[in-house]
**Q** 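What follows is a structure written as structure tokens; I'll ask about it next.
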Amino acid sequence: MFESLKSKMKGLFSKGKKLEEEQVYRQEERELEHQPAPVDTPSAPSAPAAEAPAVQEPAVPAEPPKAEEPRLSRKEMLKLRKQEKKSGAPSVSHAPVGDSGKRIKEDPLDEILDELEIILLEADVAYPVVEEIKAGVRQNLVGRKYDRSYTLEQVVEIAIKDAVRDVLAINEFDFDGWLAEQQRPTVIMFVGINGTGKTTAIAKIANRIMADGKTVVLAACDTFRAGAIEQLTIHSEKLGCKIVKQDHDADPSAVAFDAIEHARSKRKDVVLIDTAGRMQTNSNLIEEMKKMVRVAKPDLKVFVGDSLAGNNAIEQAKVFDDAIGLDAIILTKIDTDAKGGAALSIAHTINKPIAFVCNGQEYGDIIKFDTEWMIDRLFSDE
Ligand code: GDP
């Protein structure tokens, strides 16, 4: 997944070697460096020099250390470092950025940031998001001091991951938590261009909701295509849930209204509305969507976008957002050779959260989106 972006990023991390660095010590540390080696005290950590070489650090630290790691005094830290120096292996992992250590100089960083920009643009990341990631990386590196046990490559990797994490984390959406708080029937409307995987995504969501013991009604409101009604009917039969449909060419808002009435009278939990997504007659489509929103008053309006469509998916989302106001996004087909751009930039660009990503054609191929999952996919070695 996102293979080309991943491999290019890896190449970029290695360019970290080019960065110049300067040693930066706090005054207190400088003084300690020139004192004889400190003597063991009862409070000192038990890390005798003889044991240190046995501890091997992984080549690339996965993440900055967690808060629960032992906090050592500066004196203890210096002692450990001296032991590490002797043994050639660091015995504890440290936060890469701190108030002493090495410091990155600004000029050589520009070259790395220019290359990062090209990599992200080639992966179809939207330009404002590229700018934001670059600014984040610069802020994470320039003038900041980092721990001497990290290599420059590792520091660049962590700075890039953190900047991407910041862009992704602007808003996450807990669909299950949200649904649990809604009155029934909860009405969810799905919009998006034909072929993006909207109908399949609706079936996946229905399957997920039903697995949680709730009842679902499907509303076949893409009355423009007879095939769409058939397709949703097949899903309703497979899933064992009710479908409300009318003939091809019926008024989609009327179908939505009927489905909600049915759910209300039968005390069903959730209505999932499929909508048309023809591109050719876009202005009619938008008017149709607006009317459906007025009639169905959906509790959630979800845009379904194809991650293969890159920046086009973002443009489509903007059109729907301007017309009806979106609440969340589902990004499909991330199992294909999507470049990663849409996944990285869609939520940030339209300022709406990604609720789910779809990674295949089976009902179970839907994953609740979260930032760390995405970071793992973008940067993992698999
Ligand atoms: P719609 O026109 O937007 O309703 O799109 P469909 O739901 O009919 O899906 C179009 C095609 O994309 C179908 O062949 C689906 O099986 C396929 N598809 C949908 N979601 C995914 C996905 O996450 N991964 C892959 N590989 N294919 C998908």
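Just so you know, ligand 1 is whichever comes first in the structure, and atom 1 is the first atom listed for that ligand.
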**Q** Would the distance check show the side chain of S307 and the main-chain N or O of T332 forming a donor-acceptor pair, the cut-off being under 3.5 Å?
**A**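 Answer holds: yes.
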
**Q** Which ILVMFWY residues can you reach from V295 by hopping between side chains whose heavy atoms are under 4.5 Å apart?
**A**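 Members besides V295, by chain and number: F257.
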
**Q** Name the residues with a heavy atom less than 4.0 Å from ligand 1?
**A**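 Within 4.0 Å of ligand 1, the protein residues are I193, N194, G195, T196, G197, K198, T199, T200, K204, R225, Q231, K333, D335, T336, C358, N359, G360, Q361.
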
**Q** For F173 and W178, take the angle between the two ring planes, folded into 0 to 90°, and tell me which bin it lands in: parallel under 30, tilted 30 to 60, perpendicular over 60.
**A**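 Judged by the thresholds at 30° and 60°, the geometry between F173 and W178 is tilted.
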
**Q** Between I112 and L141, is any pair of side-chain heavy atoms under 4.5 Å apart?
**A**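 Sidechains of L141 and I112: no contact.
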
**Q** Between D327 (side chain) and K301 (backbone), is there a donor-acceptor pair under 3.5 Å?
**A**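 Yes, the answer is positive, given that a donor and an acceptor are paired below the 3.5 Å cut-off.
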
**Q** Verify salt bridge (Lys or Arg N to Asp or Glu O under 4.0 Å) between D110 and R138, making sure each step is shown before the conclusion.
**A** CA-CA 9 Å; D110 287 339; R138 183 181 291 281; 2.6 Å; yes

